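Structure record follows, encoded as structure tokens.
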Amino acid sequence: MLKFLLLAAAALSAEQTLSIIKPDAVNQAEEIDAYLENAGLRVIAAKTVHLTPEQAKEFYAVHKDRPFYNDLVAYMTSGPVIVQVLEGEDAVAANRKAMGSTDPAKASPGTIRADFGTDVQHNAVHGSDSLENAKKEIDFFFQPEEISCKTSS
Ligand code: IDP
Ligand code: MG
């Protein structure tokens, strides 16, 4: 009974977030997934997609006025990416912590970006920055039935 309650409580506090393994890190996906698992995150859905320019522009629309926007869209469409739904306690924050700072040169040792990123643009992974954006970004890539064990709405 206690075990059941603990499991139910864990399920209730679980969050989901969106991760993208960027084009030049796709060949290191297994190693990157190990970092995520070590951070307590489960990959509950994943697929490889090759973004169209329109999709990349829409996904990164928040950055449309930034000087790096066109380069970012070109980079994110330069090859396939792996989009993943991650689930775990405080998944949004846990993933951002596992990722490290945007610029790999400033990311803490042992983070994904420090260990797999090349520069501030080619930084290996994307991760949602809030629960609200996580929901929007998951919806952008996944149908509900593609996600194996949905514990939150
Ligand atoms: P985040 O990925 O850590 O959330 P954002 O500021 O949301 O960082 O930027 C989105 C993406 O745009 C980054 O992951 C990176 O690929 C790219 N980017 C951010 N800042 C720069 C920059 O100053 N130069 C080039 N690319 C950048
Ligand atoms: Mg961001």
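Whatever order the structure lists ligands and atoms in, that order sets their numbers, starting from 1. Not measured: the values here are computed from a predicted model.
For the pair Lys47 and Phe142, the distance from NZ or CZ to the six-membered ring centre is under 6.0 Å and the angle to the ring normal is within 45 degrees.
Scanning Tyr60, Phe59, Phe68 for the heavy atom closest to atom 19 (C) of ligand 1 points to Phe68. Of the candidates Leu72, Asp119, Asn133, Leu72 brings a heavy atom nearest to atom 17 (C) of ligand 1.
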Can I get a per-line list of side-chain donor-acceptor pairs under 3.5 Å for residues 67-74, giving both atom names and the distance, sequence neighbours left out?
residue : atom : partner : partner atom : Å
Tyr69   : OH   : Lys57   : O            : 2.9

Can you list, pair by pair, the side-chain donor-acceptor contacts under 3.5 Å of residues 111-123, counting residues two or more places apart and other chains?
residue : atom : partner : partner atom : Å
Thr111  : OG1  : Ser108  : O            : 2.7
Thr111  : OG1  : Ala114  : N            : 3.4
Arg113  : NE   : Asn123  : O            : 3.4
Arg113  : NE   : Val125  : O            : 3.4
Arg113  : NH1  : Gly100  : O            : 3.4
Arg113  : NH2  : Val125  : O            : 2.8
Asp115  : OD2  : Tyr35   : OH           : 2.6
Asp119  : OD1  : Gln121  : N            : 3.0
Asp119  : OD1  : His122  : N            : 2.8
Asp119  : OD1  : His122  : ND1          : 2.9
Asp119  : OD2  : His122  : ND1          : 3.1
Asn123  : OD1  : Lys22   : NZ           : 2.7
Asn123  : ND2  : Thr102  : O            : 3.0
Asn123  : ND2  : Val120  : O            : 3.4

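The atoms of ligand 1 that sit less than 4.0 Å from any heavy atom of Asn123 are 13 (C), 14 (O), 15 (C), 16 (O). Short contacts between ligand 1 and Arg96, defined as distances under 4.0 Å to a heavy atom of the residue, involve ligand atoms 1 (P), 3 (O), 4 (O).
Closest protein heavy atom to atom 15 (C) of ligand 1: Val120 O, 3.2 Å.
Distance check, rounded to the nearest 0.5 Å: CD of Glu37 to CG of Leu86 gives 10.0 Å.
With a 4.5 Å cut-off on side-chain heavy atoms, Phe140 and Val83 do not count as touching. Leu18 has its side chain within reach of Phe59: a pair of non-hydrogen atoms, C-beta onward, lies under 4.5 Å apart. Here the side chains of Tyr60 and His126 are in contact, with some heavy-atom distance below 4.5 Å.
Neither the backbone nor the side chain of Asp71 comes within 4.0 Å of ligand 1, counting heavy atoms alone. By the criterion of a heavy-atom distance under 4.0 Å, the side chain of Arg113, and not its backbone, is placed next to ligand 1.
Using 4.0 Å as the threshold, His63 has a heavy atom nearer than that to some atom of ligand 1. At least one heavy atom of Lys22 sits less than 4.0 Å from an atom of ligand 1. Put simply, no part of Asp129 is less than 4.0 Å from ligand 1, judged by heavy atoms.
Backbone and side-chain nitrogen or oxygen atoms of Thr102 are examined, and one is located within less than 3.5 angstrom of a nitrogen or oxygen of ligand 1.
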